[in-house]
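Below is one structure, written out as C-alpha cells; the observations come after it.
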Amino acid sequence: MADISLTFPDGNSRSFPAGVTAAEVAASISNSLAKKAISATVNDTHWDLQWPIEEDAAIAIHTMKDDEQALELIRHDLAHIMARAVQELWPEVQVTIGPVIQNGWYYDFDRKEPFTPEDLGVIEAKMKEIINARDPVRTELWSRDDAILHYKKSHEPYKVELVEAIPEGEDIRMYWHGDWQDLCRGPHLQNTGQVPADAFKLMSVAGAYWRGDSDRPMLQRIYGVGFKNRNDLKDHLLFLEEAEKRDHRRLGREMNLFHFEEVAPGSVFWHPSGWRLFQTLISYMRRRQEAAGYVEVNSPDIMDKALWELSGHWQNYRENMFLAETQDDRDYALKPMNCPGHMMIYNQGIKSYRDLPLKIAEFGKVHRYEPSGALHGLLRVRSFTQDDAHIYCTPEQLTEECLKVNELILSIYSDFGFDDVHVKLSTRPENRIGSDESWDRSEEALRTALDQAEMNYTIFEGEGAFYGPKLEYVLRDAIGRDWQCGTLQVDYNLPERFQTTYVAANGEKKAPVMLHRALFGSLERFTGILIEQHAGRLPFWLAPRQVVVASIVSDADDFVYEVVESLKAKGISAEADTRNEKINYKVREHSLAKVPVILAIGGREVENRTVTVRRLGEKQTQTVGLDEIVTQLAEEATPPDLRRAT
RNA sequence: GCUGCUGUAGCUCAGAGGUAGAGCACUCCCUUGGUAAGGGAGAGGUCGAGAGUUCAAUUCUCUCCAGCAGCACCA
C-alpha cells in the first residue's frame with residue numbers, strides 16, 4: 001500500500017499508509033492524544049476519527065479544548081441522540097433532518113400527535129439514558145441505491161427523498177449510535193458517552209414545513225441547546241432571561257412608549273414618550289438627509305389601483321395590500337410603497353441631466369397586510385413609517401450614488417451605537433420584471449459599491465425584489481434574531497414603466513436609473529431594535545423622558561417648577577414630581593422607568609438654588625447650581641450630528 | 001397563512017360546573033420624609049367574542065378574534 005504524507009499544524013510532515021484513519025494518526029502521536037482526540041481537520045474538512053485518509057493532506061487533531069469543533073460534534077450527536085430517543089419512545093415517528101444551529105440543534109419529526117412540553121422532559125430523560133450507556137458510534141459508506149432500497153424497505157419516505165436528492169453515483173454515509181441508524185454527512189464523536197449529559201436542554205416544539213416548503217406537510221420541530229459543560233448551559237439560560245427583559249414589547253409597556261390593540265393588529269398606538277423618541281429619530285434623519293442633498297416631499301396615502309398596476313405592485317402584491325372602499329366606482333389602495341408616488345412627482349415637468357442626481361425623500365407611512373403569523377411587536381407591523389427616498393441618476397452616476405448611500409447608512413448607524421452591521425446582497429428572483437441585461441447592470445453596481453467600500457457581505461441568490469436587486473443592512477434584536485433595517489435597491493424597471501426621462505447633454509431623452517433606499521428602514525422597527533440594543537436605557541439625546549425634577553419636601557415645589565421650566569426652555573424633556581411621596585419612592589419609580597436623570601430638590605437646594613443630580617445606574621449624587629446643570633444637560637441633549645457641526 | 005400554546009382588574013398572576021381573588025399600580029386620608037417601596041381606607045372585572053351542552057358556563061365543547069414560539073412570507 002502506498003504511503004501518504006500528512007502535514008501537522010507545526011509544519012512537520014510524517015508518512016502514513018494510505019487509508020490511515022485520523023484516530024490512528026492521533027494514536028501514533030501519543031496515548032493521551034488518542035484518548036482525548038474527538039475529530040480532526042483534514043484539508044479544511046472537519047474529519048471523523050474513523051474516516052480513512054487516502055491522499056497527502058494537512059491534518060490537525062482536535063480535542064474538547066477546540067470549542068468550534070467540540071460544540072459542533074456535541075450538538076450534532078445530541079441531534080442524533082434526540083432522534084433516537086424519540087423513536088425509542090414512539091417507534092411510529094418518522095425522523096427527517098436535524099442540523100446544528102446557533103447554540104444547539106433541531107430535529108424535525110413526522111408524528112400525528114403533537115409533542116407536549118411534558119414530552120420534552122421524557123425525551124430528555126431518555127437522552128440521558130442513551131448518553132450514559134456510552135454506545136459506540138459507527139459509520140459506513142453505502143451506495144446510493146442500497147440506501148434508497150433500505151429506506152424504501154423500512155417505509156421512510158422522507159429519507160428516501162433525501163437520498164434521492166443526492167447526485168447519482170455519490171456514496172451515502174450512514175451512522176449508527178448504538179443500534180440506531182441515520183443518514184448523515186458526519187463527523188461524529190466516537191461514543192454517545194462523550195456528550196456531556198448535563199449540559200443540554202430541550203427548549204421548544206414548533207411546526208416547520210418539510211424542506212421549508214409551505215406546500216408540503218408540516219412536521220414537528222424540537223429545538224435543543226447544548227454546551228460543553230453545565231456552566232455554559234446555565235450562562236446561556238441566564239442570557240435568555242436577560243434578553244427577555246430587553247424585549248422591546250415588554251419595555252414599551254413598562255416605559256409607557258406604545259401599545260397594540262386587537263382592533264388594529266400590527267399597528268402601533270404611540271404614547272407621548274414613544275412618539276417623542278420617534279420624532280427625535282425623524283428630526284435627526286431629516287438633518288442628515290438635507291445635508292446629503294435630499295429634498296423632502298409627501299405623496300398621497302390612497303391612490304387608484306391603476307397606479308399600482310402600472311408599477312407592478314398590483315400583480316405581485318395584491319393580496320398584501322389594504323384596499324379602500326368608497327362610494328365611487330374606483331378601486332383605491334393604501335400605499336404599500338412610496339415609489340410610485342415619487343415617480344409621479346419626478347414626472348412633473350421636464351428634467352435635465354443637470355437636475356441629476358435628484359434625491360426625493362419622504363417620511364411616508366405605508367400599509368402592508370402582512371400574514372398574521374409574521375407580526376412581531378414593532379419589528380414586524382402592518383403600517384409603518386419609512387425614511388424612504390428615491391435617487392434618480394444617470395447610469396454613469398450609479399456606482400457613485402450607491403457608494404454614497406452605503407457611507408451615509410454606516411455613518412448614521414454608528415451614531416446609534418450599531419458598529420457591527422451585517423450586509424446581505426440579494427440577487428434576481430424567479431418572479432421579476434425587466435431584462436436580464438438590466439439585472440446584470442444593477443447587480444454589478446451594488447457589488448462594485450460594496451467592494452469599493454471594502455465591506456463584508458453575504459450573497460443571497462434569488463432573494464431580490466421583483467424590480468431589482470437589493471442590499472440589506474441587518475441589525476439584531478436582543479436574542480440574536482436578524483431584522484432588515486436599511487436597504488438599497490437598484491431599479492431600471494420602474495423608470496421604464498413610468499416612462500420617466502431626462503434630457504441628456506446632447507438633447508436626447510433618456511431613462512434615468514433609480515435607487516430605492518431607506519436608512520432606518522422602518523422607523524417602527526428601528527425604534528424597537530434601538531430599545532432592545534440599549535435595554536431601554538437610551539442615550540440622553542434619545543431618551544423619551546430625559547429629566548424628572550423631584551421634590552423632597554413640599555416647600556420645594558415652587559423651585560421644582562422653576563427648574564422644570566428652565567430645562568424645557570432648552571428643549572429638554574423635563575417633568576415635575578411633587579407628589580406626596582418620599583424621595584426613596586420617587587427615585588425607585590423613575591429609575592425603574594429608566595429616566596436617565598433625576599434632580600432632587602429639598603430645603604438645602606431651594607436655599608442655594610442648586611439641584612442634587614442622580615444619574616440612572618449611579619448610586620452617588622452630586623449637588624450643582626441650577627444654571628450649571630441646565631447648560632450641562634443641554635449639551636448632553638445635543639444630537640451627535642449637531643455636536644460634530646459645532 | 002401553517003403547527004403548537006395562551007387569553008381572568010391598568011400590570012404580574014391565582015382560582016373553580018353554582019355568576020371571582022392576591023400583589024403592584026390607581027383614588028382619598030394621615031404623614032414633610034434626603035436618594036430603589038412610610039401607614040390606612042377605597043374604587044376597579046360582560047373572566048377575549050359568539051354559539052352549543054347543562055337546571056346552572058368565566059370553568060366543558062365548537063367557531064372566530066388577538067397574542068406568544070417556530071415555519072412560510074417580508075415589495
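Owing to the predicted nature of the structure, the values given are computational and were not obtained by experimental measurement. Quick note on labels: first sequence line is chain A, next is B, and so on, each numbered from 1.
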Looking at every strand, decide which applies to A:Tyr106 at a 4.0 Å heavy-atom threshold: base, sugar-phosphate, or nothing. nothing

In whole angstroms, how far is the P atom of B:rU3 from the NZ atom of A:Lys112? 16 Å

Qualifying residue for side chain to side chain contact (heavy atoms under 4.5 Å, CB included) with A:Lys594, from A:Arg545, A:His534, A:Met255: A:Met255

Whole-Å gap separating C1' (B:rC26) and CD (A:Glu589): 11 Å

Under 4.0 Å between a side-chain N or O of A:Ser204 and OP1 or OP2 of B:rA69? no

Run A:Phe109 and A:Phe115 through ring pair (Phe, Tyr, Trp, His ring centres under 6.0 Å) and show every step you take. CA-CA 10 Å; A:Phe109 301 97; A:Phe115 289 111; 5.8 Å; yes

Under 3.5 Å, is there any donor-acceptor pair linking the side chain of A:Glu605 to the base of B:rG34? yes

Run the numbers on A:Ser383 and A:Ser267 for side chain to side chain donor-acceptor pair (under 3.5 Å), then give the verdict. CA-CA 6 Å; A:Ser383 47; A:Ser267 293; 2.8 Å; yes

Which part of the nucleic acid does A:Tyr467 contact within heavy-atom distance under 4.0 Å: base, sugar-phosphate only, or nothing? sugar-phosphate

Just call it for A:Glu244: base, sugar-phosphate, or nothing, with non-hydrogen atoms closer than 4.0 Å on any strand. nothing

Regarding A:Arg382 and the six-membered ring of A:Tyr369, is the cationic atom NZ or CZ under 6.0 Å from the ring centre and inside 45° of its axis? yes

Would you state whether a donor and an acceptor, one from the side chain of A:Ser554 and one from the base of B:rU32, lie under 3.5 Å apart? yes

Using a distance-only criterion (donor-acceptor N/O pair, under 3.5 Å, no hydrogens), is the base of B:rG1 paired with the side chain of A:Tyr369? no

Looking at B:rC2, does its base get a donor-acceptor pair with the side chain of A:Arg216 below 3.5 Å? no

Nucleotide opposite B:rA66 in a Watson-Crick or G-U pair, distances under 3.5 Å: B:rU6

For the base of B:rA75 and the side-chain ring of A:Tyr317, does the geometry meet a stacking cutoff of under 5.5 Å between centres and under 30° between planes? yes

Gap between atoms CD and P, on A:Gln620 and B:rG34 respectively (whole Å): 20 Å

So what does A:Arg481 touch, heavy atoms closer than 4.0 Å: a base, only the sugar-phosphate, or nothing? sugar-phosphate

Distance in angstrom units between A:Arg525 CZ and B:rC74 P, rounded: 13 Å

Nearest-nucleotide check on RNA chain B, A:Val553 vs A:Leu375; residue mapping nearer the 5' end is A:Val553

Sugar-phosphate only, base, or nothing, as touched by A:Gly603 at under 4.0 Å among non-hydrogen atoms: base

Sticking with atom C1', work out how far B:rG45 lies from B:rG21, rounded to a whole angstrom. 11 Å

Please name the nucleotide paired to B:rG21 by Watson-Crick or G-U wobble geometry with both distances under 3.5 Å, or report none. B:rC13

Distance criterion of 3.5 Å, no angle test: do you see the side chain of A:Arg221 paired donor-to-acceptor with the base of B:rA69? no

What is the nucleic acid contact for A:Asp555, judged by heavy atoms within less than 4.0 Å: base, sugar-phosphate only, or nothing? nothing

In whole Å, what separates the C1' atom of B:rG44 from that of B:rU27? 10 Å

Go nucleotide by nucleotide along RNA chain B from the 5' end; which of A:Lys619 and A:Ser214 gets its closest nucleotide reached first? A:Lys619

Say we look at B:rG67 and B:rU8: how far apart would their P atoms be, to the nearest angstrom? 14 Å

For A:Pro265, which contact category applies under a 4.0 Å heavy-atom criterion: base, sugar-phosphate, or nothing? sugar-phosphate

Please step through side chain to side chain donor-acceptor pair (under 3.5 Å) for the pair A:Ser311 and A:Tyr467, ending with a clear verdict. CA-CA 9 Å; A:Ser311 68; A:Tyr467 51 73; over 6 Å; no

Counting only side-chain heavy atoms from C-beta out, which of B:rA69, B:rG7, B:rA37 sits nearest to A:Tyr585? B:rA37

Rounded to whole Å, the CZ-C1' distance (A:Phe269 to B:rG10) equals 16 Å

Contact class for A:Pro114 vs. all strands (heavy atom < 4.0 Å): base, sugar-phosphate, or nothing? sugar-phosphate

Look at all strands and tell whether A:Lys586 reaches a base, only sugar-phosphate, or nothing, counting heavy atoms closer than 4.0 Å. nothing

Between B:rG7 and B:rA75, how far apart are the C1' atoms? Round to whole Å, please. 34 Å

Using the C1' atom as the point on both nucleotides, what is the distance between B:rA56 and B:rU19, in whole Å? 9 Å

Checking base pairs now: Watson-Crick or wobble, both atom distances under 3.5 Å. What partners B:rA72? none

With a 4.0 Å cut-off, would you call A:Glu401 and A:Lys359 a salt bridge? yes

Under 4.0 Å between a side-chain nitrogen and a carboxylate oxygen: does that hold for A:Lys245 and A:Glu242? yes

Round to a whole Å and report the spacing from CG of A:Asp247 to P of B:rU12. 12 Å

Heavy atoms under 4.0 Å, any strand shown: does A:His516 hit a base, just sugar-phosphate, or nothing? nothing

What verdict does the salt bridge (charged side-chain N to carboxylate O under 4.0 Å, His left out) test give for A:Asp440 and A:Arg428, after you've listed the backbone C-alpha separation in whole Å, the side-chain angles of each residue and the deciding distance to 0.1 Å? CA-CA 9 Å; A:Asp440 288 341; A:Arg428 69 194 76 186; 2.6 Å; yes

Taking the P atom of each, how far is B:rA14 from B:rG23, in whole Å? 16 Å

Rounding to the closest angstrom, what is the interatomic distance between B:rU58 and B:rU46 at atom P? 13 Å

Quick one: label A:Tyr209 by what it contacts on the DNA or RNA (base, sugar-phosphate, nothing), any heavy atom closer than 4.0 Å. base

In whole Å, I'd like the distance from the CD atom of A:Gln220 to the C1' atom of B:rA72. 17 Å

For B:rC28, the Watson-Crick or wobble partner whose two distances fall under 3.5 Å: B:rG40

Counting any heavy atom closer than 4.0 Å, what does A:Asn584 reach on the DNA or RNA strands: base, sugar-phosphate only, or nothing? sugar-phosphate

Is the base of B:rG4 touched by the side chain of A:Thr116 through a donor-acceptor pair closer than 3.5 angstrom? no

Under 4.0 Å between any heavy atoms, over every strand shown, what does A:Arg380 touch: base, sugar-phosphate, or nothing? Just pick one. base

For B:rG45, which nucleotide in any strand shown is its Watson-Crick or wobble partner with both distances under 3.5 Å? none

Check this for me, if you would: do A:Asp215 and A:Arg211 make a salt bridge, where the nitrogen-to-carboxylate-oxygen distance has to be below 4.0 angstrom? no

Using purine N1 to pyrimidine N3 plus N6-O4 or O6-N4 for Watson-Crick, or N1-O2 and O6-N3 for G-U wobble, each under 3.5 Å, what pairs with B:rA57? none

If pairing requires Watson-Crick or G-U wobble contacts with both distances under 3.5 Å, which nucleotide is the partner of B:rU35? none

Expressed in angstrom and rounded to an integer, what is the separation of A:Phe115 atom CZ from B:rG4 atom C1'? 12 Å

Using a 4.0 Å heavy-atom cut-off, does A:Arg249 contact any base of the nucleic acid, only the sugar-phosphate backbone, or nothing at all? sugar-phosphate

Considering only atom P, compute the distance from B:rU32 to B:rG38 and round it to an integer number of Å. 14 Å

For A:Lys335 and A:Leu307, run side chain to side chain contact (heavy atoms under 4.5 Å, CB included): C-alpha distance rounded to whole Å, both residues' side-chain angles, the deciding distance at 0.1 Å, then the answer. CA-CA 10 Å; A:Lys335 66 174 172 187; A:Leu307 183 75; over 6 Å; no

